[in-house]
Amino acid sequence: MDFKLRTAGTAAFVAFALLAAKAQAADVEVLHWWTSGGEAKSAAELKKMVEAKGNKWKDVAVAGGGGDNAATVIKSRIVSGNPPTAAQIKGPSIQEWGAEGVLANIDDTAKAGGWDSLLPPVVANIMKYKGHYVAAPVNVHRVNWMWANPEVFKKAGATIPTNWDEFAVAAEKIQKAGFIPVAHGGQPWQDFTTFESIALGLGGAEYYKKAFVQLDDATLKGPTTVKAFETLAVVRKYIDKDSATRDWNLATGMVISGKAAMQFMGDWAKGEFTAAGKVPGKDYVCVAAPGTANAFTFNIDSFVIFNKPGADAKKAAADFASAVMSPEFQTVFNLNKGSIPVRSGVDLSKFDDCAKKSAADFAADAKAGTLVPTIAHKMAVPESTQGAMQDVVTQFFHSTSMTPAEAATKLAAAAKTK
Ligand code: BGC
């Protein structure tokens, strides 16, 4: 082979190798728990945008909802030294992983995108570790919602409850009329989601903060918490016997089809109504969970970015993080997901009335000091504490002998778990 040919061959080989390396290095592996109909549709929008920037999406979707199963998988991937590009991690857990030194500093992307001026400081602080961005926020979900089928209420002659006493009256009528009053599913996080809305509805935002953010012992053991467990036992009476094996989205399906009257769930449930072509105000209604109209339990989904070697991995991560914060993504994703954009400067005109109400209430509650982090969805306390408290709520929910007072005492003890 003459010199020229040889060099041409080598150059072609090098070019090919570079291309191959590039294609491989630009894999964006994303670990999340969005597996229901509405969630998967939303995740698909992110995949589309990331791939449009020349990357290859590698999906790691962990079923189960609420993030409990996903947290276990994330932990084992990190511990084995093989983290994905990005993972759905939120709230105080971001700080915990930041302290382990496994997260990437994405300040350059944040600076280029002007994140500091687009995010409320309370949100930006959650996304930063020691002042540096390590995560990108996706949305704001509101947890204290009740989803109701107005047709079922009408047929049962019941009115939509605005407090927990009214709930009991309505649920009784609905049950007598042959419907399932409350659609509920089997995972512990669903019990905890309902419990936190009950507690907020009975005690208000100040009580909630003292109990579930500050973990004040006397408040956790106190009469309002006991009453919250009593009320959870009332709700339990109106759930069908098949709930134990059910995922949350199948419970939403029961409200959609008119089998059940209501569900206590964050507004990812709206993603299911939307995917089924249902219209709020007509086919279903979104109202604050009983007693919680003047408060807002927030749940912010976010993706942490892991430290990975190599320029291509860094570019892929930057492409991912900037896509997440783009107004295009925040619009199309949140329209499907049921949540609202987390950044400012996104036009809400395409959003429905539930989303508009959520956005207005978020602003009003932030001003009034009644914006509180969800404990059930890992925004309020470290994951180990959250898990221990969730276990108590679930034990109570499935127990025939534990009294509300015992449950409150156990909850206060669990809150001490580090
Ligand atoms: C997440 C939502 C998700 C829901 C059910 C919540 O913890 O924040 O994004 O849709 O769990 O899986």
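Here the structure is a predicted model, which is why all the values come from computation and not from measurement. In each ligand, atom 1 is the first atom listed, and ligand 1 is the first ligand listed.
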Which of parallel (below 30°), tilted (30 to 60°) and perpendicular (above 60°) describes W34 and F333? tilted

Please round to the nearest 0.5 Å and tell me the distance separating atom OG of S358 and atom CG of D353. 12.0 Å

Suppose we call two aromatic rings close when their centres sit under 6.0 Å apart. Are F396 and F195 close by that rule? no

Worked check of salt bridge (Lys or Arg N to Asp or Glu O under 4.0 Å) between D319 and K315: CA-CA 6 Å; D319 284 351; K315 182 196 168 282; 2.6 Å; yes

Under 3.5 Å: N or O atoms of ligand 1 paired with protein N or O:
unit_1   : atom_1 : unit_2 : atom_2 : d
ligand 1 : 7 (O)  : K90    : NZ     : 3.0
ligand 1 : 7 (O)  : H377   : ND1    : 2.7
ligand 1 : 8 (O)  : K90    : NZ     : 2.8
ligand 1 : 8 (O)  : N299   : ND2    : 2.9
ligand 1 : 8 (O)  : D301   : OD1    : 2.7
ligand 1 : 8 (O)  : D301   : OD2    : 3.4
ligand 1 : 9 (O)  : W34    : NE1    : 2.9
ligand 1 : 9 (O)  : D301   : OD1    : 3.3
ligand 1 : 9 (O)  : D301   : OD2    : 2.7
ligand 1 : 9 (O)  : K337   : NZ     : 2.8
ligand 1 : 10 (O) : E39    : OE2    : 2.4
ligand 1 : 10 (O) : K337   : NZ     : 2.7
ligand 1 : 11 (O) : W33    : NE1    : 3.2
ligand 1 : 11 (O) : G66    : N      : 3.4
ligand 1 : 12 (O) : W33    : NE1    : 3.4
ligand 1 : 12 (O) : E39    : OE2    : 2.8
ligand 1 : 12 (O) : G66    : N      : 3.0

Test of ring centre spacing under 6.0 Å for F264 and W145: no

Please say whether the positively charged group of R77, taken as NZ for Lys or CZ for Arg, lies over the ring of F306, i.e. under 6.0 angstrom from the six-membered ring centre and within 45 degrees of the axis. no

